There are 2 protein chains.
Amino acid sequence: MLDLKMAGAGGQGASLGEAAYREMKERLIRGKYRPGYKMTVRAVAEELGVSSTPARDAINRLTSEGALVYAGPKTVIVPVLGELDLKELTTIRIVLEGLASEKAAPFGSEQHIEALGQIQGRISGALDAGNYGEALWHNKEFHFHVYEMAGLPHLVTMIESLWLRVGPSLYNLYPEFAQERNGVRNHQMAMEALAERDGAALRAAFENDIRDGYRLLRLAAGSARM
Amino acid sequence: MLDLKMAGAGGQGASLGEAAYREMKERLIRGKYRPGYKMTVRAVAEELGVSSTPARDAINRLTSEGALVYAGPKTVIVPVLGELDLKELTTIRIVLEGLASEKAAPFGSEQHIEALGQIQGRISGALDAGNYGEALWHNKEFHFHVYEMAGLPHLVTMIESLWLRVGPSLYNLYPEFAQERNGVRNHQMAMEALAERDGAALRAAFENDIRDGYRLLRLAAGSARM
DNA sequence: TTCGCAAGTTTGTTGCAACAAAATTGCGAC
DNA sequence: GTCGCAATTTTGTTGCAACAAACTTGCGAA
């Protein structure tokens, strides 16, 4: 059991409910909870070392963002994405992340490229170590480092909520991801496009990355048809 | 003071927190609260006739969706959109609502056209009566009736959260809207495009509608340049 | 008059206990 | 062995009181 009341690390600056929310969000993106996992107020409270009110706050907030869903009148679970959900979310991701990356392109700079290169290094390292949760986390950092360059905070927030929805499902396929390493090539392309401040190319790189993830997810889900 | 504990109307089927959330959401879209209005837990609780817990739930949820924002460490207000916010949100709206309308086009039918015609009638009626809040509400119904046809629930949810953010600001310009009635022409075009199941035309109609609203908002905000 | 500080007030947060509803378990009949 | 129902447990919801932090007000000094 973790105690959020201590540990200024990460969860600083806000209320317990806020801290609980952030902690749960990070765990979700890291793939700590699998699709279908049942979230209960008391369990979360116990796990994070807080009372039920902040735990409930976090769950409610996550639920209203779609990161958790109702499976019954009185049960919230980590969403199990169906074929249609996956397809829809991918379509939205392509549109939104495509927009963000294209708008980010003009802000390309040495510093940004270097930062991305370092993040990419951490992804590879985590992949080598077989630590998928860590790789997933750094992968998120890579994408959002670019998206945030555009200076469109509302857009970033919306994209983040999309990642929260697909995150847990992504974890399931990471063994394949580690094998194929499609992401590496796409990220490489992204860095090159950014160096040239080529919006169309940057958008294409990210759209490819998203589509590749979608294809793997489809395969992992058992459906053959693309 | 309204008492949500009674009145199954609209708020049926769920907890008090859920009902409070829906009520506040509707009030926000109807433009009952102006940008900058300060929301306090106790005031909302009093206004809706519930205790502080469900009121707090509603405020938290609205805040996490961006429909309310923090103006200080301990104050949440109805967002006051700046020029940049408005521009960004409009860009996102065009992309997302454009996608939704285009995907909805193939589902055009007699029934849908008729339903839209009726809603349009209610908009005109409310406009004639000078009831902006009502007109705003029916305008939302018009748009979402189309968006929901596409069968993409995640997308609809995301668009709804965008409306929640711009709603209060929209109210401010409705007197101009009532005068010009740009919306009428765009809605007319949308119905025609839907009758022909023309995705591109439907998308164009909605994009125009969004852009027209944005132009008016810019004018109302005092900025001259488009 | 203006600035600063202190007392008082407002307001969000948190923990908790009581309650109701849903889910689960287990027992018994067929 | 299976189905159905009832008792039990689990779990979300709600109201409330205590607390702490932020904000407001007003008085007094310069």
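Note that the structure is a prediction, hence the values are computed from the model and not measured. Chain letters run A, B, ... following the sequence lines, proteins first and then strands; every chain starts at 1.
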(Q) Nearest heavy atom decides the nucleotide; on that basis, is B:Lys38 or B:Lys74 closer to the 5' end of DNA chain D? (A) B:Lys74

**Q.** Distance in angstrom units between B:Glu18 CD and D:dT13 C1', rounded
**A.** 13 Å

Q: Send over the distance from A:Asn60 CG to C:dT13 P, rounded to a whole Å.
A: 14 Å

Q | Atom pair distance, as rounded to whole Å: CG in A:Asp57 and P in C:dG12 | A | 13 Å

Q: Please state whether the rings of B:Tyr147 and B:Phe206 are parallel, tilted or perpendicular, taking 30° and 60° as the class boundaries.
A: tilted

Q: Would you kindly give the CZ-to-P distance between A:Arg61 and C:dG12, to the nearest whole Å?
A: 16 Å

Q: Please work out which of the three classes, parallel, tilted or perpendicular, describes the rings of B:Tyr37 and B:Tyr33, given edges at 30° and 60°.
A: tilted

Q. Of all the nucleotides listed (C:dA22, D:dA22, C:dG15), which has the minimum atom distance to the side chain of A:Pro73?
A. C:dA22

Q: Determine the contact category for B:Gly72: base if any of its heavy atoms lies under 4.0 Å from a base atom, sugar-phosphate if only primed atoms, P, OP1 or OP2 are that close, otherwise nothing.
A: nothing

Q.
By nearest atom, which of the nucleotides D:dT13, D:dG15, C:dG15 is closest to the B:Pro54 side chain?
A. D:dG15

Q.
Counting C-beta onward and ignoring hydrogens, is there a side-chain heavy-atom pair between B:Arg34 and B:Val78 closer than 4.5 Å?
A. no

Q. Considering residues, nucleotides and ligands other than A:Lys103, do more than 12 of their heavy atoms fall under 6.0 Å from its NZ?
A. no

Q: Respond yes when some side-chain nitrogen or oxygen of B:Ser51 is under 4.0 Å from OP1 or OP2 of D:dG15, and no when none is.
A: yes

Q: Figure out the CD1/P separation between B:Ile77 and C:dT11, and round it to whole Å.
A: 15 Å

**Q.** Of the listed nucleotides D:dG12, C:dG12, D:dG15, the one nearest the side chain of B:Val41
**A.** C:dG12

Q: Between D:dT13, D:dC16, C:dG12, spot the one nearest the side chain of A:Arg56, thanks.
A: D:dT13

Q | Whole-Å gap separating P (D:dG12) and CD (A:Glu46) | A | 14 Å

Q.
If I take atom CZ in residue B:Arg42 and atom P in nucleotide C:dT9, what distance separates them, rounded to the nearest angstrom?
A. 15 Å

Q | Selection from D:dT11, D:dC16, C:dG15 that lies nearest to any side-chain heavy atom of B:Thr53 | A | D:dC16

Q) Whole Å only: how far is the OH atom of B:Tyr21 from the P atom of D:dT13? A) 15 Å

(Q) Can you confirm whether more than 12 heavy atoms, excluding those of A:Gln118, are under 6.0 Å from its CD atom? (A) yes

